[in-house]
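Remember, predicted model here, so these are calculated numbers, not experimental data. For the numbers below, each heavy atom of this structure counts, side chains included, while hydrogens, waters and symmetry mates do not.
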Amino acid sequence: MFLVVATPRWIGWAFLLLLVYATFRAVLQLAHIGPSIQMQRVLWQYPWQFLTDVPRGRNKHPGLQDDAMWFELPNPEDPEERIPLPFLSTMRTFWWMRRFGTTRTKPELKAQIEPLWFAGDPRFVAVVAAPGRGGKGPKRLHLLYQRAAAGRRGADPVHWNACPAALERARRAGAHVPESVPPFPRPN
């Protein structure tokens, strides 16, 4: 009671600013519940893999319709084929964006996402993470998905060959996949 009565009025305004900021942060956390549940579904279906020297970029990839950051990962059914997995922007991508790098990015920032923790199927949905301290355990988890596997309207269907078991596993991980995926027409 003494603090309420004896403090100047401007202190109340300072606490109001803190209250507004705390409310904003709470809304951000609530917005992350859906992706967190989706990440959990992916991790139930796919084990973690520890990948090194994963090609990545911040410029447009020829195999993607979006101008987004991307990782290029091997196709699980044809390891020679590389599949670009877009890193679509959300509120939590700034940390990753700084580490993807450009020509001016410091090497120690780029090294924070090398090697890469990966779980999922790059044809549909996946979770990536940066290595924790000393490389022990993943941190900074982020959900990645192909637009077609997210059920987006107007998205082209995924064109990478997938067996029925891979389609079912992707469905259990929360991806929206058709009953069968048409084969990708390969150039001769």
Heavy-atom side-chain contact between Gln38 and Val125 under 4.5 Å:
yes
Hey, is the main chain of Glu72 close enough, under 3.5 Å, to the side chain of Arg82 for a donor-acceptor pair?
yes
Between His142 and Phe87, what is the ring plane arrangement, given parallel below 30°, perpendicular above 60°, and tilted in between?
parallel
Ile113 vs Arg56 side-chain heavy atoms within contact, under 4.5 Å
yes
Quick one: are Tyr46 and Val127 in side-chain contact, heavy atoms under 4.5 Å?
no
In this structure, would Met69 and Val54 fall into the same cluster of hydrophobic residues linked by side-chain contacts under 4.5 Å?
yes
Applying a strict under-4.5 Å side-chain criterion to I, L, V, M, F, W and Y, I'd like to know whether Trp117 and Trp44 cluster together.
no
If I compare all heavy atoms of Ala119 with all of Leu43, which pair ends up nearest, and what's the gap?
CB-CD2, 3.6 Å
Taking the side chain as every heavy atom from C-beta outward, state whether His176 and Arg171 have any pair of such atoms under 4.5 Å apart.
no
Measuring only between side-chain heavy atoms, which start at C-beta, is Phe118 closer than 4.5 Å to Leu85?
yes
Do Leu141 and Trp96 sit in the same hydrophobic cluster, where Ile, Leu, Val, Met, Phe, Trp and Tyr count as joined when their side-chain heavy atoms come under 4.5 Å apart?
no
So if you build clusters from Ile, Leu, Val, Met, Phe, Trp, Tyr with side-chain heavy-atom gaps below 4.5 Å, do Phe100 and Leu116 land together?
yes
Output for pair (Leu144 CG, Met39 CE), nearest 0.5 Å, gives 9.0 Å
Please report the closest heavy-atom contact between Ala162 and Phe124, naming both atoms and the distance.
CB-CZ, 3.8 Å
Value for CD (Gln146) from CG (Asp121), rounded to nearest 0.5 Å, stands at 9.5 Å
Within this structure, what is the SG-CD distance for the pair Cys163 and Glu168, rounded to the nearest 0.5 Å?
11.0 Å
Glu81 side chain near Pro74 side chain, heavy-atom distance below 4.5 Å:
no
Considering all heavy atoms, the nearest Gly120-Val42 contact:
CA-CG1, 4.2 Å
Is there a path from Val128 to Trp95 through hydrophobic residues (I, L, V, M, F, W, Y) whose side chains come within less than 4.5 Å of each other?
yes
Glu114 CD to Leu109 CG distance, which is reported to the nearest 0.5 Å:
14.0 Å
To the nearest 0.5 Å, atom CG of Leu19 lies from atom CZ of Phe24 at 14.0 Å
Quick one, Arg41 with Arg172, criterion side chain to side chain contact (heavy atoms under 4.5 Å, CB included). Give me CA distance, side-chain angles, the key distance, then yes/no.
CA-CA 7 Å; Arg41 290 181 71 182; Arg172 287 193 312 261; 5.9 Å; no
Kindly compute the distance separating CD1 (Ile37) from CG (Leu143), expressed to the nearest 0.5 Å.
12.0 Å
Please check if the number of heavy atoms outside Arg98 that lie under 6.0 Å from its CZ is greater than 12.
no
Check whether the side chains of Gln45 and Arg169 place a donor and an acceptor atom closer than 3.5 Å, and report yes or no.
no
Glu80 (side chain) donor-acceptor with Asn75 (main chain) under 3.5 angstrom:
no
Phe71 and Pro84, any side-chain heavy atoms less than 4.5 Å apart
no
